[in-house]
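Input: a single structure, listed below in structure tokens.
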Amino acid sequence: MKASAVDCDITIAKWNNVVAIDSRPPVVPFVTCSGLIPLQNFDHMKSHEAAQLYFDKAADKLGLNPAIRRMMIVAKREVQVEIPVEMDDGRLETFIGYRVQHDDSRGPMKGGLRYHQEVDLDEVRALATLMTWKTAVVDLPYGGAKGGIAIDPRKLSVKELQRITRRFIDQIHDVLGPDKDIPAPDMGTSWREMAWIRNQWEKYHGFNPACVTGKPVEHYGIEGREEATGRGVGILAFKFLSHLGHKPQQMRVALQGFGNVGSHAAKFLYESQYKVVAVGDQTGAYYKADGLDIPAMLKHSLNNKGLLQGYSQADKISNDELLTLDVDLLIPAALGGVITAANAASIRAPMIIEAANAPIDPDADELLYNRGVRILPDILANAGGVTVSYFEWVQNLQYYRWGLNRVRQELDAVLTRAFDAVWSEHNTSHCNLRTAAYMIAIRKVQAATELAGHQ
Ligand code: NAD
């Protein structure tokens, strides 16, 4: 599908340096309105277009009426800001930051903040819609949002990152808050950025740690948040595989990504006796047929700026090879769009868990489904992080703190409930797990939207 900037039908209102894009129906959702976003290659299917295809499949199955469908697709608010920052060497650099608030019918909007050089409005828009379905499928009282800044954090100093983060919050603090929109970590950000965000937001609005989650424990964070997404992947892997009649000890696993999600998932799987035979990160991948020593790899990466580069106790392979290994379970836990129509035929794993957001393109999804590959979709598979973020927010609002065991137990309970609902929906509706998860989520958002009335 193609789009062109000429067909752009959006209105722009400026306030306090914030460009708010009041988006209309996504006839042509991919536009450059300020001239600040570089033009994209529209021949390739865009992230938001892909996310919408999954939504459409489930909406068709539910017979969702066109007016509600339109309301659900269009984002409530899209914000793009310029972030001028003085660099350590005195140069002035201007970065672009985004926050897309997709839907708030079920509660305040919730979603991570991504720092990556390829971040653009289209990607953030797609990820914001995913958050709406994700919070609904695990039944958290939230809507969906997402943010991002187009930077490569590894090329910036800590001081520069702090200035960029604080300046971004200066620009968008008005649209954030505990009962509006609550950011959290995503790719390229962690508890460190969340502490800066809290501090900067509170300069405008006063003490309220519930304004952001994923904070350090010393800053009203919660124990178990850092491990939550990876641990959730592990909990759901166990449910998924046992429903398909497999035991952990029989499973050979390949995992792409060794950051927050990938490393914690690898640790959990290793401790649960899965044979993790391959893991990789941006520097390459490592393979060992009889199982990798995950604790040793964690130690290596900890002492090597978070990278696996130079690990010598396994065979080095490429990231493409990792994806196509002959394994039982493949877990993409790094970037979106890594499995496409171009490599789907080479994927040999019969089961895939989408730990990353949107790692499989819709055309690849179709090809894999037709070949009988079972896929646990992102909106359920990586919902552990937002679930523990919700626990953190609840505790901040109550000035109360749970211990790690309670956090883990509650996480297990929420994810198990959500998994059982999705599994049962896919059986009764005779569809795959992704469509089942979307159907559950859409029904919840639809009910909340309709009950609120439209006057
Ligand atoms: P991260 O920045 O901590 O780690 C990303 C990992 O991906 C790193 O190991 C990096 O080296 C690797 N990587 C980057 N480019 C790569 C490439 N080209 N090939 C192979 N590996 C590459 O990010 P994260 O927080 O672990 O997030 C990973 C994914 O999980 C993202 O899609 C994110 O949206 C999703 N997610 C994260 C959370 C969370 O709580 N952090 C929650 C839900 C979903």
Side-chain angles (χ1 to χ4, degrees), residues 47 51 110-119 123-124 126-128 130-131 133-135 137-138 140 144 146-148 151-154 161 183-194 213-215 221-222 224-233 236 254-267 278-286 297-298 300-302 304-309 311 317-323 330-339 343 353-360 377-390 392 411 415:
S47 311
K110 189 88 188 79
L113 178 64
R114 175 175 289 197
Y115 287 179
H116 192 273
Q117 58 278 16
E118 279 166 26
V119 160
E123 180 185 64
V124 176
L127 293 169
L130 278 187
M131 285 309 297
W133 314 128
K134 193 178 298 185
T135 52
V137 85
V138 288
L140 306 176
K146 199 81 177 189
I151 47 172
D152 182 350
R154 289 184 192 272
L161 281 170
D186 190 71
M187 250 177 110
T189 59
S190 70
W191 47 265
R192 183 181 66 185
E193 287 74 15
M194 302 307 118
T213 62
K215 302 178 294 292
I222 187 173
R225 172 59 185 90
E226 209 180 312
E227 68 174 22
T229 309
R231 187 179 182 84
V233 169
L236 290 162
L255 205 153
Q256 186 190 53
F258 207 62
N260 175 285
V261 180
S263 66
H264 284 289
K267 181 169 181 279
V279 298
D281 69 6
Q282 70 200 62
T283 64
Y286 295 85
M297 297 186 92
L298 288 167
H300 177 90
S301 124
L302 196 69
N304 193 32
K305 297 183 179 161
L307 298 173
L308 289 170
Q309 194 168 32
Y311 183 71
I317 57 171
S318 72
N319 262 301
D320 290 344
E321 286 172 303
L322 179 143
L323 291 172
L330 175 63
I331 307 183
L335 302 173
V338 292
I339 302 178
N343 65 356
I353 297 183
E354 292 186 318
N357 281 315
I360 304 179
D378 50 6
I379 59 169
L380 175 59
N382 64 33
V386 70
T387 302
V388 175
S389 269
Y390 164 64
E392 179 178 335
L411 173 65
L415 294 182

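Each ligand, and each atom within it, is numbered from 1 in the order the structure gives.
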_Checking Asn357 against Asp186 for the side chain to side chain contact (heavy atoms under 4.5 Å, CB included) test, could you report, in this order, the C-alpha distance in whole Å, the side-chain angles of both residues, the deciding distance, and whether it holds?_
CA-CA 10 Å; Asn357 281 315; Asp186 190 71; 4.1 Å; yes
*Starting from the C-alpha separation in whole Å, work towards a yes-or-no answer on side chain to side chain contact (heavy atoms under 4.5 Å, CB included) for Phe258 and Leu307.*
CA-CA 8 Å; Phe258 207 62; Leu307 298 173; over 6 Å; no
_Derivation and outcome, side chain to side chain contact (heavy atoms under 4.5 Å, CB included), residues Val388 and Thr213_ = CA-CA 9 Å; Val388 175; Thr213 62; over 6 Å; no
*What do the steps show when you test Lys134 against Val386 for side chain to side chain contact (heavy atoms under 4.5 Å, CB included), and what is the final call?*
CA-CA 9 Å; Lys134 193 178 298 185; Val386 70; 4.2 Å; yes
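Remark: of the listed residues Ser190, Pro185, Pro153, Pro153 is the sole one forming a side chain to side chain contact (heavy atoms under 4.5 Å, CB included) with Tyr115.
Of all heavy-atom pairs between His300 and Tyr311, the closest is NE2-N, 3.4 Å. Of all the heavy atoms in Ser318 and Ala285, the pair that sits closest is O-CB, 3.9 Å. Taking every heavy atom of both residues into account, Ala334 and Gly257 meet most closely at CB-CA, 3.8 Å. The two residues Asp378 and Ala356 make their nearest non-hydrogen contact at CB-O, 3.4 Å. Taking both residues in full, the closest heavy atoms of Glu226 and His264 are given as O-CD2, 3.5 Å, listed atom of the first, atom of the second, then distance.
Under 4.0 Å from ligand 1, not a single heavy atom of Ala383 appears. For Asn319, every heavy-atom contact with ligand 1 shorter than 4.0 Å involves the side chain, none the backbone. Within the 4.0 Å heavy-atom criterion, the part of Ala333 lying near ligand 1 is the backbone and not the side chain. Under 4.0 angstrom from ligand 1, the non-hydrogen atoms of Asn260 come from both its backbone and its side chain. When heavy-atom distances to ligand 1 are checked against a 4.0 Å cut-off, Glu123 has no atom that comes that close, whether in backbone or side chain.
No side-chain donor-acceptor contact under 3.5 Å links Asn343 and Asp320.
Where the criterion is an N or O separation shorter than 3.5 Å, residue side chain and backbone included, Val261 meets it with respect to ligand 1. The shortest N or O to N or O distance between Gly188 and ligand 1 is below 3.5 Å. At least one N or O atom of Ala334, backbone or side chain, sits closer than 3.5 Å to an N or O atom of ligand 1. Considering backbone and side-chain N/O of Asp186, one or more are found under 3.5 Å from N/O of ligand 1. Between Lys134 and ligand 1, a contact under 3.5 Å exists for no N or O pair. Checked against a 3.5 angstrom limit, the closest N/O atoms of Gly259 and ligand 1 fall inside it. Residue Thr229 has at least one nitrogen or oxygen atom sitting less than 3.5 Å from a nitrogen or oxygen atom of ligand 1, judged on distance alone. An N or O contact shorter than 3.5 Å links Phe258 to ligand 1 by distance.
Ion pairing of Glu123 with Arg114 is present here, as a side-chain N (NZ or NE/NH1/NH2) and a carboxylate O approach within less than 4.0 Å.
Among protein heavy atoms, the minimum distance from atom 23 (O) of ligand 1 is reached at Met187 CG, 3.2 Å. Considering only non-hydrogen protein atoms, atom 18 (N) of ligand 1 sits nearest to Leu335 CD1, 3.4 Å. In this structure, atom 34 (O) of ligand 1 lies nearest to the protein heavy atom Arg114 NH2, 2.6 Å. The nearest heavy-atom contact from the protein to atom 10 (C) of ligand 1 is Gln282 OE1, 3.4 Å. Among protein heavy atoms, atom 35 (C) of ligand 1 sits closest to Asn357 ND2, 3.8 Å.
Listed by number with element, the atoms of ligand 1 under 4.0 angstrom from any heavy atom of Ala355 are 30 (O). In the vicinity of Arg225, heavy-atom distances shorter than 4.0 Å reach the ligand 1 atoms 40 (O).
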